[in-house]
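Mind having a look at this structure? Questions to follow.
Every chain is numbered from 1 and lettered A, B, ... according to where its sequence line falls, protein lines coming before strand lines.
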Amino acid sequence: MYQVNDNKITRLIRLKSGPAMIEVSDYSDSLVVKVFKDCLSVSDDEELTSYVTQWFDLERDLSEFYRLLEKTPETRHFSQEYHGLRLMGIVDLFEVLCWCVIGQQINLTFAHKIKTRLVHSLGDCVNHDQNTYYCFPEPEKIISADSSMLAEMQLSKQKISYLKNISEAFVSGALDKQKLLNQSSEQQLLQMQTIKGIGQWTSNYAAMKCLRNMNCIAYGDTGLSAALHKYFSTEKKPNIVTIDEIFRPFEGWKSYFNFYLWKSLG
DNA sequence: GGCCAGGACTCAA
DNA sequence: TTGAGTCATGGC
């Protein structure tokens, strides 16, 4: 879906007016976004700025988070080691939820393979500079996709059912990013969990990566458990009470703390 | 060959 | 509310 070369990231995104190839690079202390599109209207321009801002979480001042990290001996070094690292987002709520389902209880290498098959098979694409770039498939594409074809991608029957549930929820409007953004963080999680296939882990992951809810914790996550065991000498699979205790000082920054703990696993 | 992986569901007690 | 069983298969 995207390429990273020479400190530049290139990808195809979907604007309301249609797909657009973009290239993001850094210049001094800012980001430069180059658009490969014949003409860009004013509304496209605003949408694009909003997209990149959400993607990289650009509008957040991380200094308070680093102050909190400094106060925590076990993970004090994070503030230097990962200084400036932002919680990379997945702007498309549908995509992040599908990605969570695909990745449930399988290793990431395998999960990436399945996602690639799905995107190559059902996603819109554009050829650019000798590469093919893909958008994540739209819900309608997954609804109309033959289940046996999805099974050939090595999605389990359960996951196919979950993906279709989620797709239906987007088409019907039961799930909608803008609507969720108007709700409280607790309501956001509960609303997502009404869809079969979306549990505690998935809803928290989506809320942190897409809705930019800053107090999410991926409870039950194996990577998070491993990091907490490593730095805080918890049980190998700490319970919710233990996790909450460790995260308590990071009120308002729990998602970031979770993200940095993941990062620390390499 | 066996355990584990960026879980979630159902069902029983 | 909690725990065991089930799904499902590649990676190591």
Side-chain angles (χ1 to χ4, degrees), chain A residues 1 57 78 82 85-121 136 142 147-169 174-175 186 188-232 234-244 246-247 254-266:
Chain A
M1 293 181 74
D57 199 28
F78 285 2
Y82 308 128
L85 176 67
R86 288 167 185 281
L87 203 170
M88 288 298 296
I90 298 174
V91 179
D92 179 358
L93 182 63
F94 178 63
E95 177 183 345
V96 69
L97 289 171
C98 291
W99 171 230
C100 285
V101 167
I102 293 169
Q104 283 169 5
Q105 196 57 18
I106 59 174
N107 67 68
L108 270 180
T109 310
F110 185 38
H112 275 293
K113 280 188 181 172
I114 295 176
K115 183 179 178 185
T116 300
R117 290 178 191 141
L118 186 68
V119 167
H120 284 191
S121 171
F136 193 79
I142 292 183
S147 292
S148 62
M149 189 261 278
L150 295 173
E152 281 173 19
M153 298 176 191
Q154 291 179 288
L155 282 159
S156 67
K157 286 174 192 168
Q158 267 187 346
K159 289 186 179 180
I160 292 170
S161 156
Y162 295 164
L163 290 179
K164 286 187 180 280
N165 286 345
I166 293 170
S167 303
E168 298 277 4
L175 275 184
E186 192 155 334
Q188 289 176 351
L189 299 178
L190 291 175
Q191 179 66 35
M192 287 191 274
Q193 287 173 17
T194 61
I195 311 300
K196 195 173 283 190
I198 301 179
Q200 189 180 39
W201 178 86
T202 297
S203 55
N204 272 282
Y205 187 92
M208 101 172 49
K209 298 280 274 189
C210 181
L211 304 178
R212 293 301 183 183
N213 179 332
M214 286 295 107
N215 278 320
C216 292
I217 302 174
Y219 295 107
D221 181 83
T222 51
L224 178 62
S225 299
L228 293 175
H229 176 64
K230 179 178 175 184
Y231 292 107
F232 293 88
T234 63
E235 300 288 318
K236 289 202 170 172
K237 290 193 175 177
N239 58 36
I240 290 184
V241 178
T242 307
I243 297 173
D244 280 341
I246 295 172
F247 272 76
K254 291 177 181 175
S255 301
Y256 258 89
F257 189 47
N258 192 145
F259 182 67
Y260 273 43
L261 284 165
W262 273 331
K263 183 68 186 173
S264 73
L265 296 171

Answer with base, sugar-phosphate or nothing: what part of the nucleic acid does Ile198(A) contact at a heavy-atom distance below 4.0 Å?
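Here Ile198(A) touches the backbone only, sparing every base.
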Atom-to-atom span, CG of Asp221(A) to P of dA5(B) - whole angstrom:
10 Å
Pick the nucleotide of DNA chain B nearest each of Lys196(A) and Trp262(A); which residue has the one closer to the 5' end?
Trp262(A)
How long is the line joining CG of Asn239(A) and P of dT1(C), in whole Å?
15 Å
Contact class for Gly197(A) vs. all strands (heavy atom < 4.0 Å): base, sugar-phosphate, or nothing?
sugar-phosphate
Expressed in angstrom and rounded to an integer, what is the separation of Gln158(A) atom CD from dT10(B) atom P?
9 Å
Measure the distance from CD on Gln193(A) to P on dT10(B) and round it to the nearest whole Å.
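Checked: the CD to P distance equals 13 Å.
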Starting at CG of Leu189(A) and ending at P of dA8(B), how long is that distance when rounded to a whole Å?
12 Å
Are Tyr256(A) and Asp57(A) close enough that a side-chain donor and a side-chain acceptor fall under 3.5 Å?
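Present: a donor and an acceptor within the cut-off.
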Taking the basic N atoms (NZ, or NE/NH1/NH2) and the acidic carboxylate oxygens, is any pair closer than 4.0 Å for Glu95(A) and Lys115(A)?
yes
Short side-chain N/O contact from Gln104(A) to OP1 or OP2 of dA5(B), under 4.0 Å:
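Result: no.
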If I take atom CD1 in residue Ile102(A) and atom P in nucleotide dA8(B), what distance separates them, rounded to the nearest angstrom?
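Result: 14 Å.
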State whether Lys113(A) places a side-chain N or O below 4.0 Å from either non-bridging phosphate oxygen (OP1 or OP2) of dG11(C).
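For Lys113(A), the contact criterion (side-chain N or O under 4.0 Å from OP1 or OP2 of dG11(C)) is met.
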Rounded interatomic separation in angstrom, taking NZ from Lys237(A) and P from dG7(B)
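In whole Å, dG7(B) P and Lys237(A) NZ are 9 Å from each other.
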More than 12 non-hydrogen atoms from neighbouring residues, nucleotides or ligands closer than 6.0 Å to NZ on Lys164(A), yes or no?
yes
Figure out the NZ/P separation between Lys157(A) and dG7(B), and round it to whole Å.
22 Å
Test item: Gln188(A) side-chain N/O and Asn204(A) main-chain N/O as donor-acceptor pair under 3.5 Å:
no
Same-atom distance (P) from dG1(B) to dA8(C), integer angstrom:
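Result for the P pair: 22 Å, nearest Å.
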Could you tell me whether the side chain of Ser255(A) and the main chain of Met208(A) form a donor-acceptor pair under 3.5 Å?
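Between the backbone of Met208(A) and the side chain of Ser255(A) there is no qualifying donor-acceptor contact (under 3.5 Å).
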Less than 4.0 angstrom between a side-chain N/O of Thr109(A) and OP1 or OP2 of dA5(B), yes or no?
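No, because none of the side-chain N or O atoms of Thr109(A) sits under 4.0 Å from OP1 or OP2 of dA5(B).
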Closest listed nucleotide, where the reference is the side chain of Thr202(A) and the choices are dA5(B), dC7(C), dA8(B)
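Given the options dA5(B), dC7(C), dA8(B), the side chain of Thr202(A) is closest to dA8(B).
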